[in-house]
2 protein chains.
Amino acid sequence: MASIKDVAAAAGVSVATVSRVLNDHPSVSAESRTRVMAAVAELGYRPNAVARSLRTDQTRTLGLVISDVLNPYFTELARSVEEEARALGYSVIIGNADERPELQDHHIRTLLDRRIDGLLLSPTDGGTPLMLDAARAGTPMVFVDRWIRGVDVPVVRADGQEAVRELVAHLHRLGHRRLAIIAGPAATTTGSERVAAFRAALAEYGLALPDAYTGQGDFQADSGRRVTEGFLDLPEPPEVIFAADNLMALGALDAIRARGLRVPDDVALAAFDDIPWFVHTDPPITAIAQPTGELGRAAVRALIDRIEGRAPASVTLPARLVVRRSCGEPSLPSPTRRSEP
Amino acid sequence: MASIKDVAAAAGVSVATVSRVLNDHPSVSAESRTRVMAAVAELGYRPNAVARSLRTDQTRTLGLVISDVLNPYFTELARSVEEEARALGYSVIIGNADERPELQDHHIRTLLDRRIDGLLLSPTDGGTPLMLDAARAGTPMVFVDRWIRGVDVPVVRADGQEAVRELVAHLHRLGHRRLAIIAGPAATTTGSERVAAFRAALAEYGLALPDAYTGQGDFQADSGRRVTEGFLDLPEPPEVIFAADNLMALGALDAIRARGLRVPDDVALAAFDDIPWFVHTDPPITAIAQPTGELGRAAVRALIDRIEGRAPASVTLPARLVVRRSCGEPSLPSPTRRSEP
DNA sequence: CCTCCTTGTGGAATCGATTACACCGATGTG
DNA sequence: CACATCGGTGTAATCGATTCCACAAGGAGG
């Protein structure tokens, strides 16, 4: 592979001049410029990004560590992150933590070893020492979706409180009174906040959230299945199951179906995180939709602000309720609300 | 950030010795080794992967360029690729081409600039000059899923011929005679091969595949929708629509639903590429499942064989039919076939 | 007792870029 | 006419690692 020396030799100039042409430095004669360009084209020369990074101490690369690539929510997030980063001249390396803290740490470590310019994180847990150290050491960092308390790192996320309140109102209007939730890991903010929001909304209607109706999941389909089975085994099973993410909703649907029960006639189902497939499930699932693309883009902008020395700001965007049929009443009466992405 | 010099100074040895300890070279005294280790721990030193790569001319990184991250098939592929690569000590950088050749080239170029050790490709098209040049220049490369004829690059893919034959047999048995296909881009192998396999299977039953029943899609949901509308507008619409990938099947389902028609009563639907959601759509969709995880792992092994100087082999694995209810007959008669992943 | 290995170590070259600094000739100015 | 200025260029240092080579010390063998 041709190096800058080969180009210099072919163009009959020094490597310094070649470098100047490549980085369009002002003081290069038109003459030299054209000869260098010709040599570059002739040799098919491409600068070695590794060498350049070593010298300039910047890689123009962002790291993104997400909790689960197989979750369509995170896939969409990753996509929008990459898009915005590319538009701003950065590349993105994605690490999939699979909801496992060790794997998350593995990726953070590799990313740091590669000297990425900044890190976008959606922590699987309450924050490992490695992550905290990196933040303290001044690695440019931004949390997306999930975050960690007590760390001075900007957070870009959606606020679901209002949407959860709307959901509960919707459920209450439909006559449901026994509402259960499949929560995410308590160590994650999205795990605990969604339960809190749900509980608060229930309280407004004078409803309680008994322990028996609070199942502990891990954001994976299997846990949704398991928790749902527990709910259905109860002497008095809930009328509604609210899953704190889309995969657990899938598991719940499985479990309900396996018992020969019907949604929403026997049990109603709702989920946090809307995804395209929810339109096509049987029945279509009522969900709380996050502005995923906007979240990803805002996170990248915040991170790059931080990297380039500007002051990054935390961002909170509202989530919204998308009513479909999984909680009852085909929603024909109110056609306004029947929004599809 | 601490460098090897700092470690050397802290341990009272030369950088050469530190390097030897780090790469556990045999001739280092136990004495030096422990002192270096202590210094490393004390300083929290981590070798700079950029510098190391420059010197050794290897990055221990693989590039993976896929056609569409939002397609669950490719997400799963990416996941298995990363998993196997990690197990073998490599990292993976994923590029999403979004079915756009320019974007694909952008990613190939960036990956090459970063001097990745090898490239895993699922080409969006017939092969851009850049891609062909890279192959010719000797960049270790392997095609996954989709490939390009006339290039000397190993291919790891699934063979769907037998499964398509089974599908057609299944459809014929159910009494369907007017079968249509939503094809992928003809420039992709998966685009053309699936049509060919379908046509060949139909021929075995004395059925033709008229042009009117061959719609041109681009592997995206929208195109599935558009083509399906065309089919339904025909004076004699098909009885079955076979989508060459899962996203186009989703679009087809949308279009059918929008007309107020029912699956499978009014039109039957089948898809290439099985995904977890197909179990939960209304109705569950009959699909041809690829051994996605195995494909990803085999591709990584082939690529690493090539990188490390062993002779890589092409791999072809069989796809299989998963019968659900979208083509008619609840499949109760034959419970053996009702396999779920 | 002198050579010859072996083992452990450090100095320095190297990878491919960027960039500070020195230099040279041409132009402008007092 | 001497001198400062400036545009254009090259030499060389530098980033942080790896690794070749030289060398010293110590043990084995003649």
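Lettering of chains follows the sequences in order, A, B, ..., and the numbering in each one begins at 1.
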Quiz item: B:Ile93 and side-chain contact (heavy atoms from CB on, under 4.5 Å): which partner among B:Thr61, B:Leu64, B:Val65?
Solution: B:Thr61
Quiz item: Where the side chain of A:Arg115 meets the backbone of A:Gln58, is there a donor-acceptor pair that is under 3.5 Å apart?
Solution: no
Exercise. In whole angstrom, give the distance that lies between atom CG of A:Leu54 and atom C1' of D:dT18.
Key: 13 Å
Practice problem: Look at all strands and tell whether B:Asn23 reaches a base, only sugar-phosphate, or nothing, counting heavy atoms closer than 4.0 Å. | Solution: sugar-phosphate
Exercise. Let me know the distance between CZ of A:Arg114 and P of D:dA17, rounded to the nearest Å.
Key: 15 Å
Quiz item: Just checking, any donor-acceptor pair under 3.5 angstrom between side chains of B:His107 and B:Glu102?
Solution: no
Quiz item: For B:Ser3, what residues pass the side chain to side chain donor-acceptor pair (under 3.5 Å) criterion, not counting sequence neighbours?
Solution: none
Quiz item: Hey, is B:Asp113 close enough to A:Arg52 for a salt bridge, meaning N to O under 4.0 Å?
Solution: no
Quiz item: Does the base of D:dT14 carry an N or O that pairs as donor and acceptor with the side chain of A:Arg55 under 3.5 Å?
Solution: yes
Quiz prompt | d(NZ, A:Lys5; P, C:dT14) in whole Å | solution = 8 Å
Quiz item: Across the strands shown, which category fits B:Val18 at heavy-atom distances under 4.0 angstrom: base, sugar-phosphate, nothing?
Solution: nothing
Self-check item: Contacting residues from residues 25-34 of chain B, given that a heavy atom lies under 4.0 angstrom of DNA chain C
Solution: B:Ser27, B:Val28, B:Ser29, B:Ser32
Exercise. Starting from P on D:dG16, measure out to CG on B:Leu43 and report it in whole angstrom.
Key: 14 Å
Exercise. For residues A:Gln104 and A:Asp125, report the shortest heavy-atom separation together with the two atoms involved.
Key: NE2-OD1, 3.5 Å
Practice problem: Respond yes when some side-chain nitrogen or oxygen of A:Ser19 is under 4.0 Å from OP1 or OP2 of C:dT18, and no when none is. | Solution: yes
Give every pair of a protein N or O atom and an N or O atom of nucleotides 21-27 of chain D that lie under 3.5 Å apart, one pair per line with the distance.
none

Practice problem: Write down the atom of A:Asp145, the atom of A:Arg157, and the distance for their closest heavy-atom approach. | Solution: O-CB, 3.7 Å
Quiz item: Over how many whole Å does the gap from B:Met1 atom CE to D:dC15 atom C1' extend?
Solution: 15 Å
Quiz item: A:Tyr73 and A:Asp68: side-chain donor and acceptor closer than 3.5 Å?
Solution: no
Quiz item: Is A:Val13 touching bases, backbone alone, or none of the nucleic acid, heavy atoms closer than 4.0 Å?
Solution: sugar-phosphate
